[in-house]
Amino acid sequence: MVASEINTGKSYDRLDWQGGYLSQPNEYNYSVENIEGEIPPELEGTLFRNGPGLLDIGGVSIRHPFDGDGMVSAITFQGGRVHYQNRFVGTEGYLQEKAEGKAMYRGVFGTQKPGGWLSNIFDTKLKNIANTNIIYWGGKLLALWEAASPYRLNPATLETIGLDDLDGILDTNEAFSAHPRIDPDPLTLVNFALKPGLSTKINLYEIDPSGKLTRRHSHTVPGFSFIHDFAITPNYAIFFQNPVSFNPFPFLLGLRGAGECVQYQPGQPTKIILIGRDGSRDSMKILETPSGFVFHHANAFETPDGKIVIDSVCYENLPQVEPEIDYKDVDFDKLSPGQLWRFRVDLTASKVERELLEGRCCEFPTLNPEKVGRDYRYLYIGAAHDQTGNAPLQAVLKIDLETGSRQLHSFAPKGYISEPLFVPRAGSHDEDDGWVLLLVYDAKYHRSDVVILDAKNIEGKPVAIVHLDHHIPYGLHGSWTPQVFL
Ligand code: CO
């Protein structure tokens, strides 16, 4: 037992946790030699990760990690060997600020240019930081950020090619969300883009594996929206419109970032928006459920009796850091934890029922890609070490939705995890035949590990732990592709 546990009774130590929020300004490219265990030879492909690489600009701390410049990692598995490479996305803003050595843009989550409010007033120009997700689709590697177009990278070198309009699918610098969903049958990338305002325009896109647009339609819903993610079934695209309002004045006056002007409206219902994927005009339906805030959905599916089930990570309110507090000093105990809920939508009766599936603090769900939009049995999700309370994510939880049984693999007290990803074994038939891959920040050595867990037995000893030579700051999202680009 470490001193921090004796002192606080907690599974984590704040100073340890803060280490994962130090900038990583270096770009690496090396074959990893420090490996515990054996890399399964049949695990072949590339794990791409994206997230903020710089948590300060010119030595001045950014206001929120969501404002950090995107840094992409490619971890390549081939023949039992591992290669690591990372690069910053060469966005216009990153290159400008690197040249100047100071912040030139305001961040959506409150990072300001130096010089106080006078330097920031009426500057509504946003920096596309391309830091939220990274996918390989239609022969292109794309770094995604929800408020602008993707940046395309070279998958072998991670060099930035430039802003990409997906061969004309997007208008110049049109938004494209960072949370595409891949429908396994027929294999299709489904994504959305939001144009928020007094009402919200939702664009939906479906793109085949060659990169060709197969469907596009737009819908308008009443009210301002802050929608980060969505879910799909074979027939529906599903959005949760969180009960929030937007007061633009502190942003326009240079006092706050736009994201800080989103205000949670307690007591107002969350709206569940279902849009028919076929795009027919009368296909949109809106239902209400009790108040809550959702960033991420785990999955959705249609039941044989015509109901629609959606599993989502819900917060009692929008987890925001007080304007005067550094995010690294946030009081975890004062924020409500994310918890996993199941919503059952009955369109015929216009009714929604909800049920708490998992009360443990959790975030970043993943599942077998063959089960996206389908009834499924196994969910894997980042979780806190302890059963109750709000805390940093230090564990992976596997939930058997059929039997209710749980398996937990905790990296506490020194390990802090990022989003887990399930990778199926090629040719597998069992839903949980594969691996759970994740990055774990090890505060003891101030470095990150790539950990491979056996998805059938995540409680067991990891299949392999790949020790990197350095740390990777806590990331956001990533993806797996069976391709090798080296
Ligand atoms: Co997200």
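It should be emphasised that the depicted structure is a prediction, and the values quoted were computed from it without experimental measurement. Just so you know, ligand 1 is whichever comes first in the structure, and atom 1 is the first atom listed for that ligand. For reference, positions follow the sequence shown, starting with 1.
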So which of the N, O or S atoms of [X] lies nearest the Co ion (ligand 1)?
{"X": "H179", "value": "NE2"}
{"X": "H477", "value": "NE2"}
{"X": "H296", "value": "NE2"}

field: Check: H217/Y205 side-chain N/O donor and acceptor closer than 3.5 Å
entry: no
message: Between K398 and D432, does any side-chain N to carboxylate O distance fall below 4.0 Å?
response: yes
field: Sidechain N-carboxylate O distance under 4.0 Å for D331, R14
entry: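 The answer is no: the pair does not qualify as a salt bridge.
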- line: Tightest non-hydrogen contact, residues L357 and R406, listed as O-NH2, 2.6 Å
